[in-house]
Amino acid sequence: MSKKQKMVEAITPRDEDFSRWYTDICMRAELCSYSTVRGCVILRPYGYAIWELITSELDQRFKKTGHVNVMMPLFIPESLLQKEKDHVEGFAPEVAWVTHGGDEELTERLCVRPTSETLFCDHYADVIESWRDLPKLYNQWVSVVRWEKTTRPFLRTREFFWQEGHTAHATAEEAMKETLMILELYEEFYKSALAIPVLSGEKSESEKFAGAVNTYTVEAMMHDGKALQAGTSHYFGDGFAKAFNIQFADRDNQLQYVHQTSWGVSSRSIGGIIMVHGDDDGLVLPPAVAPIQVVIIPIAPHKDGVLEEAFRLKKTVENAGFRVKLDDSDRMPGWKFAEYEMKGVPIRLELGPRDIEKRSCVAVTRDNREKTVVPLDHIVEVLPEMLDDLNNRLYENAYERLTSRIYDVSDWDTFVQTIDEKPGFVRAPWCGEPECEVKVKDITKATSRLIDGDVGASHRCVVCDRPALHMVIWGKAY
RNA sequence: CGGGGUGUGGCUCAGGUGGUAGAGCGCUUGGUUCGGGACCAAGAGGCCGCAAGUUCAAGUCUUGUCACUCCGACCA
């Protein structure tokens, strides 16, 4: 304890106050900073670097599956936003409006995009004429604005960064296939790039996207047991196509409506990384999205040969394709250890006179603090394995936390008690009626996160005891 | 949008009954240090969130306002 108290700027322990711990990490790891606009954050270089890596990981996957990037305007005319009834109703309460250009009041006010379905639809109506124009597999990397009342860095900000994919297809089957393919893509991305296990499935009627026929979701469990909706993929059927008149001539020269999808993952995923992997010493980053994968700390750098050897080591590691930083500042080594742990750097290499004498360095892995003496000649062979192992440990630990905290219950009292007392998810049958979801939310604050398959009539709804239709994962969510 | 909390150097905070602002950390410079957040010395840095009001006099009292933060209702 006394050691901890000597720390210049310790963060709030995770188990003492989870949300304070979370904001402490955001600030101390220099991911972001509050801006003067309430509810908006400034992404600082380190936070932005993480986002860049996330975008690059996802973008590669989108490109591989045939998608191309575009850019839609920032503004949506009010009349355009209103074309699809459910869609407007869903977003109206949280849109920001532009009413003036200079001193002049606009004849039609413009909404700052909260999402771009209407813009894509308007454009698709313009450019799609024939079956030869399909499918359209578009994506865009932009920020959107939703005038949120309660905001938290990354998890809920008024402006946030994301990708939104919007596709148009000739048939319903093809559109549904796209919807589910993206869902799998997200699942795989979360697993291999972020080391975050997710549950995937369909949203209930009341939780689905405004204007969608079906919404599919990937849900992650944070360290405190709460759910984070980590990505969604929507099947629109031809609802938007009819509202926006997006038609094409098929092979028989018959006019048909297109079938559409949309899907997104946002900068909220950074919040997920923090809350799944972070610990009391700060951030823990999965190697794929760590801006610095290896940090080299020279010990006693003023002594002969130390810095030279450190630079040599840096070159070696860099040439092998790793993102590496050598901190040759005049901070104390202990300070640097703590600093890069705060920033979640996966591997630290300590290099001092004693190591150099033995032609080795000390490698320390961020998640378990394990120290390994590595011969300098072997560092390049050892690093990939260390990073890989670290990634696997992060995933395995998170997977264990997830699966061990999903509780199967079948009666109402146990249901309420479990949600109240045990952090995590509850799996219980549901009849499919929205009023049962409302009751669950009113009493427990938990919501249906996703539908985890259908069940036979032998199951009864955990709320109303009528025959159940679905097995549902319930939980409190961010 | 409701309830609570907080606004004083970059950060954390101290400033009984009003009398014109302080500490620690951080920062700068020089030196000694360097295997878990070093030490010494010398510096820089503040119209006390903002606006009215009371007063000879306001960081301190009154009112208003704004911002941030936490907890609830709504959402990625």
Side-chain angles (χ1 to χ4, degrees), chain A residues 3-12 17-20 22-24 27-28 33-41 89-95 114-115 143-164 186 203 206-210 215 217-220 227-234 262-272 281-282 297-303 306-307 327-342 348-356 361-362 364 369 371 373 438 441-442 445 447 476-478:
Chain A
K3 192 184 93 188
K4 288 272 178 203
Q5 278 168 356
K6 269 183 72 179
M7 303 273 246
V8 179
E9 288 172 87
I11 57 172
T12 309
D17 185 339
F18 194 77
S19 40
R20 202 171 289 275
Y22 175 80
T23 24
D24 280 356
M27 300 304 154
R28 284 283 293 113
S33 216
Y34 292 117
S35 81
T36 46
V37 181
R38 177 185 166 77
C40 295
V41 293
E89 281 173 12
F91 283 99
E94 49 183 2
V95 295
T115 178
S143 68
V144 289
V145 168
R146 298 181 189 175
W147 217 249
E148 299 290 349
K149 295 173 178 156
T150 308
T151 60
R152 304 187 64 190
F154 300 117
L155 301 177
R156 174 153 295 107
T157 47
R158 285 183 170 173
E159 180 187 19
F160 61 91
F161 306 90
W162 74 346
Q163 57 69 214
E164 43 178 320
Y186 284 161
K203 283 287 191 188
S206 59
E207 291 284 326
K208 75 182 192 189
F209 181 82
T215 288
T217 180
V218 287
E219 303 273 328
L228 187 76
Q229 183 173 305
T232 46
S233 184
H234 316 290
S262 89
W263 26 274
V265 160
S266 74
S267 44
R268 171 183 252 196
S269 53
I270 297 173
D281 292 322
I297 311 292
I299 309 295
H302 59 289
K303 291 194 177 151
V306 172
L307 265 186
D327 188 344
D328 62 343
S329 71
D330 58 5
R331 297 284 195 182
M332 297 270 83
W335 189 93
K336 294 176 184 174
F337 296 167
E339 185 64 17
Y340 294 100
E341 278 167 11
M342 177 62 68
R348 170 174 84 234
L349 298 181
E350 303 173 17
L351 185 72
R354 294 208 302 265
D355 304 299
I356 293 170
C361 64
V362 178
V364 187
R369 309 291 153 58
K371 295 194 177 190
V373 176
V438 172
K441 190 166 187 183
D442 286 349
K445 309 276 184 234
T447 49
K476 294 179 187 165
Y478 276 101

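Residue numbers begin at 1 in each chain, while the letters A, B, ... track the order of the sequences.
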[atom1]-based separation of [M] from [N] [nearest Å]:
N: B:C1; M: B:C61; atom1: C1'; value: 32 Å
N: B:C50; M: B:A67; atom1: C1'; value: 10 Å
N: B:C39; M: B:U33; atom1: P; value: 16 Å

[X]: ring pair (Phe, Tyr, Trp, His ring centres under 6.0 Å) partners, not counting sequence neighbours:
X: A:F160; result: A:W162
X: A:F209; result: A:H87, A:F91, A:H234, A:F236
X: A:F337; result: none

Taking side-chain contact (heavy atoms from CB on, under 4.5 Å) as the test, write out the residues that go with [X], two or more places apart.
X: A:R369; result: A:D279, A:D281, A:E341, A:R366
X: A:K371; result: A:E350, A:V362, A:V364
X: A:A227; result: A:E219, A:F425, A:R449, A:A477

Just to be sure I understand the rule, does [X] reach a base, reach only the sugar-phosphate, or reach nothing, if contact means heavy atoms closer than 4.0 Å?
X: A:L228; answer: nothing
X: A:S19; answer: sugar-phosphate
X: A:G352; answer: base
X: A:V362; answer: base
X: A:F154; answer: base
X: A:R158; answer: nothing
X: A:E350; answer: base
X: A:T157; answer: base
X: A:P353; answer: base
X: A:E164; answer: nothing

Next item on the list: Using a cut-off of 6.0 Å, state whether more than 12 heavy atoms not belonging to A:R152 lie near its atom CZ.
Entry: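 Yes, enclosed.
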
Next item on the list: Look at atom CG of A:D442 and say whether more than 12 heavy atoms of other residues, nucleotides or ligands are closer to it than 6.0 Å.
Entry: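 For A:D442, atom CG is crowded (more than 12 foreign heavy atoms under 6.0 Å).
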
Notebook entry, point to check: Of all residues at least two apart in sequence or in a different chain, which pass the salt bridge (charged side-chain N to carboxylate O under 4.0 Å, His left out) check with A:D328?
Noted result: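 Checked A:D328 against salt bridge (charged side-chain N to carboxylate O under 4.0 Å, His left out); zero matches.
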
Would you mind reporting whether [Y] and [X] have side-chain heavy atoms less than 4.5 Å apart?
X: A:R28; Y: A:E339; answer: yes
X: A:T215; Y: A:E207; answer: no
X: A:K336; Y: A:S329; answer: yes
X: A:Y186; Y: A:V265; answer: yes

Please write out the pairs of protein N or O atoms and N or O atoms of nucleotides 29-34 of chain B separated by less than 3.5 Å, giving the distance to one decimal.
from  : atom 1 : to     : atom 2 : distance (Å)
B:C34 : O2'    : A:A300 : N      : 2.9
B:C34 : N4     : A:H302 : ND1    : 2.8

Checklist line | With sequence neighbours excluded, residues passing side-chain hydrogen bond (donor to acceptor under 3.5 Å, both in side chains) with A:S33 | finding: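 For A:S33 there are no side-chain hydrogen bond (donor to acceptor under 3.5 Å, both in side chains) partners, ignoring immediate neighbours.
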
When the distance from [atom1] of [X] to [atom2] of [N] is rounded to whole Å, what number comes out?
X: A:Y340; N: B:G37; atom1: OH; atom2: P; answer: 17 Å
X: A:D24; N: B:C11; atom1: CG; atom2: C1'; answer: 12 Å
X: A:Y478; N: B:C70; atom1: OH; atom2: P; answer: 11 Å
X: A:E341; N: B:G35; atom1: CD; atom2: C1'; answer: 14 Å
X: A:R28; N: B:C25; atom1: CZ; atom2: C1'; answer: 12 Å
X: A:R20; N: B:U69; atom1: CZ; atom2: C1'; answer: 7 Å
X: A:F91; N: B:C74; atom1: CZ; atom2: P; answer: 16 Å
X: A:K445; N: B:G72; atom1: NZ; atom2: P; answer: 8 Å

Checklist line | Test side chain to side chain donor-acceptor pair (under 3.5 Å) applied to A:D24 and A:T12, step by step | finding: CA-CA 7 Å; A:D24 280 356; A:T12 309; 2.6 Å; yes

Atom pairs under 3.5 Å: protein N/O with N/O of nucleotides 40-46 of chain B:
none

Notebook entry, point to check: When you look for runs of 3 or more Watson-Crick or G-U pairs in a row, both distances below 3.5 Å, which of them include RNA chain B?
Noted result: B:1-7 with B:66-72, B:10-13 with B:22-25, B:27-32 with B:38-43, B:49-53 with B:61-65

Notebook entry, point to check: Which residue, A:K441 or A:R152, contacts RNA chain B at a nucleotide closer to its 5' end, judged by nearest heavy atom?
Noted result: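 Closest to the 5' end, via its nearest nucleotide, is A:R152.
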
Notebook entry, point to check: What pair of heavy atoms forms the shortest contact from A:D327 to A:P298, and how long is it?
Noted result: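 Nearest heavy atoms, A:D327 then A:P298: O-CD, 3.1 Å.
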
Table of protein N/O atoms under 3.5 Å from nucleotides 1-8 of chain B N/O atoms:
from : atom 1 : to     : atom 2 : distance (Å)
B:C1 : N4     : A:T150 : OG1    : 3.4

